[in-house]
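All residue numbers refer to positions in the sequence shown, counting from 1. Just so you know, ligand 1 is whichever comes first in the structure, and atom 1 is the first atom listed for that ligand. As the structure is a prediction and not an experimental result, all values here were calculated from the model.
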Amino acid sequence: MTPSPLLAAPPSALVARLAPLHAAMTHWRHALHAHPELAHQEHATAALVARVLGEAGLAVTQGVGGTGVVATVHGREAGGASLGLRADMDALAVREAASRPHASCQPGVMHACGHDGHVAMLLGAACHLARTRAFAGTVQCVFQPAEEGAGGADAMIADGLFERFPMERVFSLHTWPDLPAGAFAVHDGPVMAACDAFTVTIQGRGAHAAQPQRAVDPVLVAGHLITATQSLISRGTDPFESAVVSITRVEAGQAFNVIPDTARLEGSMRCLSEGARERLRRDLARLVEQGAAAFGATASVSFRSVARVTANTPAEAALAARVAGEVVGPAQVARTLAPSMTAEDFGSFLAHRPGAYVWLGQGAGEDPPALHQPTFDFNDAVLGLGAAWWVGLVEAALPEGKG
Ligand SMILES: [Zn+2]
Ligand SMILES: [Zn+2]
């Protein structure tokens, strides 16, 4: 893709301070893009992160929640306050469909969600903070594995992240191709949806395809359940609430002339509150069990929690937006965008600590490649903006001279 120019604006003082690190951030970003690693396998990525942070003179802990890395930065002034800054490290099982000098060397694996850029920006900020330390208190730079639906946040938390590396507030950012490069978006409340994966197993009775009277046809039951699940949204959900149920996989039978015994459906449910999540789970289970029973079959549903709701807390959202305004100008900070129904496991961090998760625009042209697409690439032009936001956030949240 052709990176779009940044929105025309002179660089802020914060961005200018990070300018000397732009070449290094671009170099790290390209190295990470060329060598992507799937969830829980981010060994080379973690090694690069640990090497850069170690060379910056920071105390680095590896192996947190698997391949996670945490680096601690102490401010010039001691202080009780602490902040967690989080970047995600994993790539996706996507085959890159673009020839670029830093294209993936790993067939079928690609940084199609911009996590290469997230790591590079937080590394740049950490290196700057390690040198300037113009804050009071402690900053934990958290490099998280396995964000893409594989439980990396929960793995780090289960490994004692918050106890071993105290942090009172937590922040993260994600690149957002639908926003222009040089813009931020900060939400009050939900940013990304809760997501549950589910599997429906239908047990019927097989028979010859010509003798349906001897069968309890699980394929017919599956068809009715696929249609009926949409009533959970259209009839069961407040029209002013957002929720999605998608059936994405259907599996049954092996031959054109045999009614099978069983059928399986898989899909995902997304919504913007834990209350709606509980209700959708309960109602889907009831619909599956009783819907199948109406045809003489039995069915059950099992759920796998993929992500909690990612919801910003008001004070931290306001702080994040104020700092974004200092980086790109307040007019470039969107405060009223609708949330996305995609999921993000930073919601697990926000379930434990107040904080905010912001979007950093990187759009390129009329129709920029979307996240998770084989032509996606992080826009290097915004590396300095993200790093400047991190540094500004630390200095605003942990100001000197207050003790
Ligand atoms: Zn993603
Ligand atoms: Zn992502």
What side-chain donor-acceptor pairs closer than 3.5 Å can you find for residues 48-64, not counting sequence neighbours?
none

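- For the Zn ion (ligand 1), the nearby protein N/O/S atoms, meaning those under 2.8 Å, are C113 SG, E148 OE1, E148 OE2, H372 NE2.
- A search for salt bridge (Lys or Arg N to Asp or Glu O under 4.0 Å) contacts involving R249 returns E251, E266, not counting sequence neighbours.
- The aromatic rings of H30 and H102 sit parallel, their planes meeting at an angle under 30°, below the 60° perpendicular limit.
- For residues 24-33, every residue pair satisfying the salt bridge (charged side-chain N to carboxylate O under 4.0 Å, His left out) rule, not counting sequence neighbours, is listed here: R29-D116, R29-D377, R29-D380.
- No close placement of the W390 and H128 rings is indicated, their centers lying 6.0 Å or farther apart.
- When each of R270, R304, R281 is tested with D196 by the rule salt bridge (charged side-chain N to carboxylate O under 4.0 Å, His left out), just one qualifies, namely R281.
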